[in-house]
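First the structure, in the form of structure tokens, and then the observations on it.
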Amino acid sequence: MTSTTSQQELFRFLEDRFACAQACTECARACALRAGLVDPDGTEEQEKVRRKGILCAEVCDATCRALSEQNGLDEAGMRIQVEWCRTVCLECAHVFDVVPGAEESAQACRDCARACTEFLTVLN
């Protein structure tokens with residue numbers, strides 16, 4: 001029989017995993033939208049914003065899929081994916097910080113990075 005403590009740990013794990021996946025989805029959506037608003041023939045800085053937004057959207061989408069599906073990813077693999085997502089989200093937030101009107105996208109990136117950090121503490 002499972003103890004109450006281990007049941008609570010399991011529930012926390014599942015809740016944090018879901019919260020992280022949800023934050024990844026919201027971040028991917030915000031980054032894809034932000035990247036789509038940038039002129040592909042724009043300045044070098046605009047191209048950086050576009051590339052970083054696309055990368056972040058792709059990494060967040062892959063992380064959400066890894067967290068949502070039973071794809072056989074072991075704990076080490078999951079940790080690497082979530083850490084990568086957190087890093088890319090923080091980098092993207094810094095890039096979006098200098099773009100007028102991109103505050104919500106930068107916040108979505110930070111929220112995702114925070115959810116990744118919280119989920120990583122559960123994996124420890």
Side-chain angles (χ1 to χ4, degrees):
M1 180 167 214
T2 307
S3 72
T4 304
T5 302
S6 61
Q7 283 181 335
Q8 289 172 342
E9 289 170 352
L10 176 62
F11 289 142
R12 175 152 187 234
F13 173 81
L14 293 173
E15 287 173 352
D16 287 350
R17 184 173 175 162
F18 176 76
C20 187
Q22 186 174 14
C24 287
T25 298
E26 291 168 13
C27 185
R29 187 177 306 120
C31 288
L33 177 62
R34 178 57 45 199
L37 295 174
V38 177
D39 181 3
D41 298 320
T43 65
E44 189 175 317
E45 187 62 32
Q46 289 174 321
E47 179 60 19
K48 179 181 176 183
V49 169
R50 192 174 77 76
R51 278 192 329 264
K52 196 56 91 168
I54 291 169
L55 174 65
C56 193
E58 289 175 351
V59 171
C60 285
D61 183 56
T63 304
C64 179
R65 278 187 274 116
L67 293 170
S68 300
E69 299 170 0
Q70 296 297 346
N71 59 3
L73 195 62
D74 64 0
E75 187 175 320
M78 189 176 297
R79 175 178 301 288
I80 290 168
Q81 182 69 42
V82 173
E83 286 175 351
W84 183 36
C85 185
R86 176 179 61 182
T87 300
V88 170
C89 284
L90 290 174
E91 290 173 0
C92 194
H94 292 305
V95 170
F96 287 170
D97 282 341
V98 298
V99 178
E103 296 83 8
E104 285 184 30
S105 298
Q107 188 59 50
C109 291
R110 284 189 176 84
D111 291 345
C112 186
R114 186 176 315 106
C116 288
T117 298
E118 290 171 3
F119 181 61
L120 286 169
T121 61
V122 175
L123 284 177
N124 284 333

Just how far is it from atom [atom1] of [X] to atom [atom2] of [Y], taken to the nearest 0.5 Å?
{"X": "C24", "Y": "R29", "atom1": "SG", "atom2": "CZ", "result": "12.0 Å"}
{"X": "D111", "Y": "C116", "atom1": "CG", "atom2": "SG", "result": "11.0 Å"}
{"X": "E83", "Y": "T63", "atom1": "CD", "atom2": "OG1", "result": "11.0 Å"}
{"X": "R79", "Y": "F119", "atom1": "CZ", "atom2": "CZ", "result": "9.0 Å"}
{"X": "L123", "Y": "D16", "atom1": "CG", "atom2": "CG", "result": "9.0 Å"}

N/O donor-acceptor pair under 3.5 Å between Q81 side chain and M78 backbone:
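The answer is no, because no donor-acceptor pair under 3.5 Å joins these two groups.
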Side-chain donor-acceptor pairs under 3.5 Å in residues 94-106, sequence neighbours left out?
from	atom 1	to	atom 2	distance (Å)
D97	OD1	R110	NH1	3.1
D97	OD1	R110	NH2	3.4
D97	OD2	R110	NH2	2.5
E103	OE1	G101	N	3.4

Would you check if E58 and D61 make a side-chain contact, meaning some heavy-atom pair closer than 4.5 Å?
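Contact flag for E58/D61 side chains = no.
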Do the non-hydrogen side-chain atoms of T87 and V59 ever get within less than 4.5 Å of each other?
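T87 vs V59: side chains apart.
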Give me the atom names and distance for the closest heavy-atom approach of A19 to A115.
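Reported closest heavy-atom pair: O-CB, 4.1 Å.
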Intermediate values then yes/no, side chain to side chain contact (heavy atoms under 4.5 Å, CB included), L120 and R86:
CA-CA 10 Å; L120 286 169; R86 176 179 61 182; 3.6 Å; yes
Chi angles and distances behind the side chain to side chain contact (heavy atoms under 4.5 Å, CB included) call for V82, L67
CA-CA 9 Å; V82 173; L67 293 170; 4.1 Å; yes
So, are E47 and R50 salt-bridged, with charged N and O less than 4.0 Å apart?
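The answer is yes: the pair qualifies as a salt bridge.
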Could you tell me whether F13 atom CZ has more than 12 heavy atoms of other residues or ligands within 6.0 Å of it?
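Check passes, neighbour count above 12.
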Given side chain to side chain contact (heavy atoms under 4.5 Å, CB included), test C92 with C31 step by step and report yes or no.
CA-CA 8 Å; C92 194; C31 288; 3.9 Å; yes
Under 4.5 Å between side-chain heavy atoms, hopping through other hydrophobics if needed: is there a path connecting F18 to V122?
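Per the 4.5 Å side-chain linkage, F18 and V122 are not co-clustered.
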Walk me through whether C112 and C60 qualify under side chain to side chain contact (heavy atoms under 4.5 Å, CB included).
CA-CA 8 Å; C112 186; C60 285; 4.0 Å; yes
